[in-house]
Structure formats: structure tokens, C-alpha cells
Amino acid sequence: MPNTPSATAAQGLRPDSRTSPDGRAPYWDVQGAEAVPRPTLTMGGFKHLLVPCLAAACLADRPWRIDNAPRIEDRRVLSATLRHLGASVVDDGSRVTVDASGLGGTRIPGHWSAGIHGGVYLLPALLAARGEVSSGAHGGCAIGGGASGARPLSHMASVLERFGADCEAGAEGFRATAPPGGLRGTRIDLADYAETEPGTGTLTGPHYSGATKTALLAAVTARGTTVLRDPYPKPDALELARLLGEAGARIEISARQITVEGLGGPLGGAEITLPSDLMEVVTFIAWAVHLRREADLRLERPDLVRSGLAPELECLSTMGVPLDWDGPLLRVRPPEHLGSARVLASSHRLYSDAGPLFALMLLGADGPSRLTDGVWTDRFRYAEGLRGMGARLSRKDNELHITPGPLRAAPGPLVATDLRAAATLLLAALGTGVPHRLYGVGHLARGYEDLPAKLAATGAHIDVPSGTGEPAGTDGIRPDGTETDGTGTERTGADGTGEAA
């Protein structure tokens, strides 16, 4: 798979907005079928750790080698962006190697940043490495509080200003300049970028994760000491901190504080193996529960997967879902009786990404359930699609009340507006056993590696019309790895100072 973006990103489109040759929106035709007895499915690498690791490679003067890197849209777009900025990016199957010693550019092309959200972590990394950075608007799932669900950047600007940077963040993009001599160490209480979840008294909110990762990437090569109080507790931040330490950062990590003695210069190299993607694991657990199937999930670094999903696993245990851990395999079986639950998605509890999948599972519970999302306020758009299939769901503020009952065929096509909504509606459609057309499937290319093939291995029928929503790393890509605009015209702009032509 060449590390260049699909035509979707190269043309400045979000993956869900790409149209097929006849002008239609991207879609899959899906249908559940007879079960394959206990298939073994290999989970892809952890997207939420891959993205900041690719950014962190910009801080190093030696290569970063990342194994178990998932072949998803974020990898393609970020790799192409890094190459555009002057870095060397070499692909070898599930390994991606980044050598940023030749990094020279500071402008992230807008036609690539608009396609994914992960490019935001290049902002602090390029600022720290080059002293300045600019970009257009950044894409991703439209679940934020901005216009049309735009994801925020103001908190990242605020964090970088604490390191002495001058920043501007708005709807059109981002710009930042480091002070003379580079970024300076600082003290940041991450509670300033979070809210208190009323039920648990813990910190949560849409800015908490990004603020913590931004501060880590800015701190490791800054001058002086940085103290981060109450950092975001999930493994995509804490494991990032540990990996930065392996690359030479002087860093101490505890549950309540991370202390970084800035190097005042570049990091060294790194050899990284990503754990399996936590949300892909939850997705296939939801598949097993909802469709009442068995599966073996093959995992990389299962101990980290297990600890990273501790709140999800606790909730599944309460619901009665049997899970058997055997070395690199996680065996999933449907429960005889699925218990109801009160589910809290927050920064110290379940991932917000897991919420839609738990809502689907709880439609089969033995009593009413409630899902509260303490991170994003607009994360329930999937509920409309499920209601069209007969689900009894009602929303009040950031709570979804779930009354169990069977799903039926939808009266028309299903439409997904974000990544986990697409996964949830896809599993719901498969559970009915009748054909459905699902739009918005381009979102899935940003979060799942080879999802149609994995579902086909379970017995599902997934028809992916050519050019309608499953970027497979070939659209807009020449055999030698150079990337085109999707029409066969090669893009340029290798000086790293401006956008590709």
C-alpha cells in the first residue's frame, strides 16, 4: 500500500463526501447471511495512537519505525503530508517508517487536512520542530460544537500559547509561531481544558484528550521543565508519553501528573508496535452480541488492549457478555441473557466512540438501559437510523434512553454521519438479515482496516461498488507511490512551503 492519500483526500473531500462515477453518494449494499462458525479475525492497529506517533516522528532526527500500523485513510493522508513537508516515509506492509531529518515545510496542505482529523497533531509537532506551522481547516467526524459539527482547535492554540507561541485558530485554519529560541516549558493543569462529570466527579470533555497530547508533543523538545497536572488518562495519551520516553524524552509519568524535562533539541529514533485498535475490538464484540455469533479476535499487545478497555470490559461483564482471554486471542460469545446497564461515556469511563455500539447491544437487553455521553454533546445522530428500524430510543440532553426490542428492516437507505454511527448502522443492518443500502461509508475508511473483508469472513455479504466509499490505497496513486489528483495528473509541491498544485 503506497503511503499516499486516496483520491478522496487528494481532492480535498471528506471520505464521506466522495461520489461514485455516476454522481451518487458513496454506499455499500449489505446483508447478513448464514453464520461462519467462530471465525478468527485479526484486529488492525490502534488508530488513536498511530496518529500522534506519526506526528511525534517530526520531532526526531532519526527514524521512527511503527509496526502494526493500520492501513486506513488517516495513515495515507498523514504519510503523504509528511512526504510533502520533506520527510521520508517508507511503507512495508503493516510497517511505516518516518525519517524526518529532512523536514523543511511548515504548511499543511488544506486539501489533505480537510479529509481527516488526525492532522491536528502535526500542528504542535511542526511548531516545535520548525518554529512555525500553518494549515487549512481540519476534517474528521462532525461531532464537535462548531459550525456543521466542526471539531475545535482553540484549545490546542491555548495550550501552545502556554509554551510561548503566538497562535491564531479559526474556521479557515490554524497558524502558530514559536517565540525566539523555541518553545518554553510551562505548568499546565489539564483541568483547565476539561469539565467535571457530575456523576463521578472526574474530568471529561471534548478538549481534554487533544489538550494533553498537544502539551506532550510541545513539551519534549522545549527548553525547560513542563508539568502537566491531571492528564487525560486513556492509553492513546499515556502510551504516547511512554513512547516519547523511549525515544529519549526525559519524562516521568504518574496517574495525576506528567513531568517533562525538555530536551531543547530533537528526539531520537523509536521502534514501536501498536496495540490492536480498541474500538475495532469493541465493534466486533458488538457484532457478536447483536448477531448472537461467536468469534476469536486476534490481538497485538493484548495486555494493553485489556487495560485500555477496562471500563468497557467492566460494563460488558455487568451485562453478562462472556469474554475469554487466551494469549493473543479474545474469544467472544453471545450471552444467554443480556442484562440492562447504565453506561457512562467519559474520559475516565468508556470511550465516547464505544457509546453507539453499546446502544446497539443494549437493544437486546432484558430491560431498559441508559447511555450518557459526557464527552460530545452531539453524538446521538445514529439514533435516528436505529429508530427507523424500530428501535425505541429517546434522548434528553446528553442521555439516550434505550427500551429493548427487535430491529426490523429500514424503510429506505441508512445514512451515517460519522465513523461509529456508520459502524453501528452497518451492524444493525446485518442483524436484520435483509438487504440494506448504507450511505456515509467513507467514514469507515478512516477507522477500520479491511472491514468488508473481515465482515465477509463472518458470512456477511458486503457489496462495495467501485469508487463508492472504500478507499483501498489505489485511487489516485501511481505504482511508484506518487500521488495524483484522481484524474491521472501528478501533484507537486515538494518544496514543502505551499500547497500541492
Side-chain angles (χ1 to χ4, degrees), residues 48-64 66 98 100 103 118 120-133 155-167 176-194 203 207-272 274 304 308 347-348:
H48 290 315
L49 187 55
L50 169 70
V51 167
C53 282
L54 288 173
C58 296
L59 301 169
D61 60 3
R62 285 182 287 167
W64 276 45
I66 305 172
V98 179
L103 192 73
V120 298
Y121 295 110
L122 292 177
L123 300 173
L126 290 174
L127 177 65
R130 301 295 303 160
E132 61 179 311
V133 65
H155 63 299
M156 302 183 72
S158 175
V159 168
L160 294 173
E161 287 169 349
R162 304 279 283 273
F163 287 88
D166 177 53
C167 302
T177 304
L183 299 178
R184 302 186 295 265
T186 186
R187 297 181 66 89
I188 300 177
D189 188 341
L190 275 307
D192 294 345
Y193 300 92
L203 297 177
H207 301 163
Y208 192 19
S209 170
T212 300
K213 295 173 192 174
T214 297
L216 284 170
L217 292 169
V220 289
T221 60
R223 293 180 294 111
T225 302
T226 295
V227 177
L228 305 178
R229 290 285 299 162
D230 285 321
Y232 178 72
K234 295 289 191 181
D236 38 311
L238 297 184
E239 182 68 3
L240 172 64
R242 190 188 69 79
L243 293 172
L244 291 169
E246 288 191 355
R250 296 175 295 203
I251 190 165
E252 296 180 2
I253 306 166
S254 68
R256 295 297 303 274
Q257 182 170 296
I258 298 176
T259 303
V260 183
E261 298 289 343
L263 295 173
L267 290 172
E271 297 273 355
I272 297 167
L274 296 178
L304 183 55
S347 299
H348 284 260

Asker: Would Ile66 and Leu274 count as a side chain to side chain contact (heavy atoms under 4.5 Å, CB included) if you check the C-alpha gap in whole Å, the side-chain angles of each, and the deciding distance to 0.1 Å?
Answerer: CA-CA 7 Å; Ile66 305 172; Leu274 296 178; 3.8 Å; yes

Asker: Taking side chain as C-beta onward, heavy atoms only, is Leu267 less than 4.5 Å from Asp61?
Answerer: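 The answer is no; the side chains never approach within 4.5 Å.
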
Asker: A side-chain contact here means heavy atoms from C-beta on lying under 4.5 Å apart; do Cys53 and Leu243 qualify?
Answerer: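 Answer yes - side chains close enough.
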
Asker: A side-chain contact here means heavy atoms from C-beta on lying under 4.5 Å apart; do Leu228 and Gln257 qualify?
Answerer: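 Counting from C-beta outward, Leu228 and Gln257 never come under 4.5 Å.
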
Asker: Looking at every heavy atom in both Gly268 and Ala60, which two are closest together, and how far apart are they?
Answerer: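 Distance-wise, the nearest heavy atoms are O-CB, 3.3 Å.
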
Asker: Would a distance-only check, ignoring hydrogens and angles, find a side-chain to backbone donor-acceptor pair under 3.5 Å from Trp64 to Ala55?
Answerer: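 It does not hold such a pair.
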
Asker: Quick one: list whatever passes side-chain contact (heavy atoms from CB on, under 4.5 Å) with Ala237, sequence neighbours left out.
Answerer: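 By the side-chain contact (heavy atoms from CB on, under 4.5 Å) rule, Ala237 matches Thr212, Lys213, Tyr232.
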
Asker: Measure the CG-CG distance between Leu244 and Leu217 for me, rounded to the nearest 0.5 Å.
Answerer: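 Nearest 0.5 Å value for the CG-CG distance: 6.5 Å.
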
Asker: Write down the atom of Cys58, the atom of Leu126, and the distance for their closest heavy-atom approach.
Answerer: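 Scanning both residues completely, I find the closest heavy atoms to be SG-CD2, 4.4 Å.
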
Asker: Please tell me if the side chains of Asp236 and Pro52 come closer than 4.5 Å, counting only heavy atoms from C-beta onward.
Answerer: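 Asp236 does not reach Pro52 side chain to side chain.
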
Asker: Is there a side chain to side chain contact (heavy atoms under 4.5 Å, CB included) between Ile258 and Leu216 once you walk through the steps?
Answerer: CA-CA 9 Å; Ile258 298 176; Leu216 284 170; 4.0 Å; yes

Asker: Let me confirm one number: the OG-NE2 distance from Ser347 to His207, rounded to the nearest 0.5 Å.
Answerer: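 Result: 11.5 Å between the selected atoms.
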
Asker: Is there a side chain to side chain contact (heavy atoms under 4.5 Å, CB included) between Thr259 and Ile251? Walk through the geometry before answering.
Answerer: CA-CA 6 Å; Thr259 303; Ile251 190 165; over 6 Å; no

Asker: Atom CD of Glu271 and atom CD of Glu246: how far apart are they, to the nearest 0.5 Å?
Answerer: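 Answer for the CD-CD pair, Glu271 versus Glu246, is 10.0 Å.
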
Asker: For Leu263 and Val220: C-alpha separation, side-chain torsions, deciding distance, then whether side chain to side chain contact (heavy atoms under 4.5 Å, CB included) applies.
Answerer: CA-CA 6 Å; Leu263 295 173; Val220 289; 5.6 Å; no

Asker: Atom CZ in Arg229, atom CG in Leu203: separation rounded to 0.5 Å?
Answerer: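 Reported to 0.5 Å precision, the distance equals 10.5 Å.
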
Asker: If I take atom CD1 from residue Ile272 and atom CZ from residue Arg242, how far apart are they, to the nearest 0.5 angstrom?
Answerer: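 These two atoms lie 9.0 Å from each other.
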
Asker: Name each donor-acceptor pair under 3.5 Å that joins a side chain in residues 155-165 to protein atoms two or more places apart or in another chain, with its distance.
Answerer:
{"residue": "Ser158", "atom": "OG", "partner": "Tyr193", "partner atom": "OH", "Å": "2.8"}
{"residue": "Arg162", "atom": "NH1", "partner": "Tyr193", "partner atom": "OH", "Å": "3.2"}
{"residue": "Arg162", "atom": "NH2", "partner": "Arg187", "partner atom": "O", "Å": "3.2"}

Asker: Side chains of Thr177 and Glu132: any donor to acceptor distance under 3.5 Å?
Answerer: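 Side chains of Glu132 and Thr177: no pair found under 3.5 Å.
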
Asker: With heavy-atom distances below 4.5 Å as the criterion, would you say the side chains of Leu240 and Leu49 are in contact?
Answerer: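 Yes, their side chains come closer than 4.5 Å.
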
Asker: Contact between Leu304 and Pro235 at the side-chain level, heavy atoms closer than 4.5 Å - yes or no?
Answerer: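 The answer is yes, as the side chains (C-beta and beyond) meet within the 4.5 Å cut-off.
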
Asker: Please report the interatomic distance CG(Leu122) to CG(Leu127), rounded to the nearest 0.5 Å.
Answerer: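 So the CG of Leu122 and the CG of Leu127 are separated by 12.0 Å.
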
Asker: Check whether Tyr208 reaches the backbone of Pro231 with its side chain - one donor and one acceptor, N or O, closer than 3.5 Å.
Answerer: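 Yes.
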
